[in-house]
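Every chain is numbered from 1 and lettered A, B, ... according to where its sequence line falls, protein lines coming before strand lines. From a predicted model like this one, the values you see are computed outputs, not experimental measurements.
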Amino acid sequence: MPELPEVEVVRRGLDHHVRGRTIASAIIRHPRAARRHMAGPEDLAAQMVGTTVTGIARRGKYMWLILDETDALLMHLGMSGQMLITSPDAEIAAHERARFTFTDGGSDLRFDDQRTFGHLMYDEGGAVLPSPIAHIAPDPFDPQFDQAAAVARIKTKRTGIKRALLDQTLVSGIGNIYADEALWAAKVHGESTASSMSKPRISAVIDAAREVMAAALAQGGTSFDSLYVDVAGSSGYFARSLTAYGLVGHPCPRCGTPIVREQFMNRSSHFCPVCQRKR
DNA sequence: AGACTGCCCTGATGGC
DNA sequence: TGCCATCAGGGCAGTC
């Protein structure tokens with residue numbers, strides 16, 4: 001379940017292994033991987049060949065290869081997507097969806113994705129900000145992030161604060177794990193109505209999200225299983241630092257009350273029923 | 001218009 | 001052992 005910290009770990013790995021290299025071939029092995037590229041998988045592949053990766057950027061959970069300083073290969077990992085640096089001799093993996101080779105004959109870049117929620121698309125002229133994600137808000141680590149503006153927008157929402165945190169058009173990068181962790185840290189119930197919260201309190205929730213994601217990034221991200229890994233296939237260590245997410249029945253680290261889980265938006269919310277009261 | 005639901009997908013897991 | 005239901009959930013289309 002890659003969220004901002006996990007995507008940033010991958011972005012850094014790509015920056016290290018792929019920047020400066022020229023693409024020799026692009027193979028899309030599963031049409032679903034290019035489902036949002038309207039011109040089709042063959043077009044996506046054709047556009048890539050011969051371009052040089054001049055940078056790797058990220059906004060929220062999206063990242064993109066900057067090609068020839070002009071265009072973009074936009075990537076979203078979905079739930080189980082992985083960008084892997086592998087040997088050109090490696091066999092086609094069970095869930096391999098795309099593979100890129102380079103003119104230097106060195107390592108390949110592979111996109112594996114078990115659950116196929118991830119996808120790739122090519123955006124001409126999208127180097128600075130690909131047009132398909134123009135509606136995605138800056139994330140809390142973006143120099144363009146305006147926290148006061150984000151707080152003001154969230155405060156207009158007559159919905160639960162957790163739902164607002166997960167709305168990528170308000171603030172991006174936060175998914176179910178870090179939403180639960182941030183709400184726990186800020187002692188806020190996820191179903192508190194955003195519009196009824198004070199601006200300082202909403203701001204404190206965003207601060208908590210930024211802090212927990214920074215801590216996760218420092219640990220290489222959160223891995224529960226082999227579905228989230230860095231470009232070398234290694235897991236992150238933040239799972240052992242989680243305080244609420246996935247810890248039903250475990251004592252709240254603050255007050256000892258068992259963490260509970262409730263259904264929310266066809267998924268789960270984990271929180272301390274004592275520290276995080278609905279207001 | 002804003003809030004919310006359903007759908008896409010596969011593999012691990014648990015109950016019977 | 002095997003079969004079925006459930007769960008994981010990001011983002012967007014569609015509904016109310």
task = Measure from the side chain of A:R36, starting at C-beta and using heavy atoms only, and say which of C:dG10, B:dA3, C:dC12 lies closest.
result =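 Closest of the options to the side chain of A:R36: C:dC12.
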key: Lys/Arg N to Asp/Glu carboxylate O, A:D113 vs A:R97, below 4.0 Å   =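 Looking at A:R97 together with A:D113, the answer is no, because their closest N to O distance does not fall below 4.0 Å.
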Interatomic distance where [atom1] belongs to [X] and [atom2] belongs to [N] [whole Å]:
X: A:L77; N: B:dC8; atom1: CG; atom2: P; answer: 22 Å
X: A:H76; N: B:dC8; atom1: NE2; atom2: P; answer: 19 Å
X: A:Y228; N: B:dG11; atom1: OH; atom2: P; answer: 22 Å
X: A:M63; N: C:dG11; atom1: CE; atom2: P; answer: 12 Å
X: A:H119; N: C:dA13; atom1: NE2; atom2: C1'; answer: 14 Å
X: A:M79; N: B:dC8; atom1: CE; atom2: C1'; answer: 11 Å
X: A:Q114; N: B:dC8; atom1: CD; atom2: P; answer: 18 Å
X: A:R115; N: B:dG11; atom1: CZ; atom2: P; answer: 9 Å

query = What's the spacing between A:I174 CD1 and A:E181 CD if we round to 0.5 Å?
reply =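 A:I174 CD1 to A:E181 CD: 12.5 Å, rounded to 0.5 Å.
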Indicate whether OP1 or OP2 belonging to [N] is found under 4.0 Å from a side-chain N or O atom of [X].
X: A:H135; N: C:dC12; result: yes
X: A:K157; N: B:dG2; result: no
X: A:S268; N: C:dA8; result: yes
X: A:T159; N: B:dC4; result: yes
X: A:R163; N: B:dT5; result: yes
X: A:Q168; N: C:dG11; result: yes
X: A:H95; N: B:dG11; result: yes

ask   = Whom does B:dG11 pair with, Watson-Crick or G-U wobble, provided both distances fall under 3.5 Å?
value =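 Base-paired to C:dC7.
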query = Quick one: does A:R267 reach the base of C:dG10 with a side-chain donor-acceptor pair under 3.5 Å?
reply =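 Check passes, donor-acceptor contact within cut-off.
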ask   = Can a donor-acceptor pair be found between the side chains of A:H270 and A:D180 at a distance below 3.5 Å?
value = yes
task = Verify the distance criterion only: is there a donor paired with an acceptor across the side chains of A:E3 and A:N176 at less than 3.5 Å?
result = no
ask   = If each of A:Y62 and A:R261 is mapped to the nucleotide of DNA chain C with the nearest heavy atom, which maps nearer the 5' terminus, i.e. the 5' end?
value = A:R261
query = Between A:R254 and A:W184, is NZ or CZ placed under 6.0 angstrom from the six-membered ring centre and within 45° of the ring axis?
reply =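 Flagged: A:R254 positioned over aromatic ring of A:W184.
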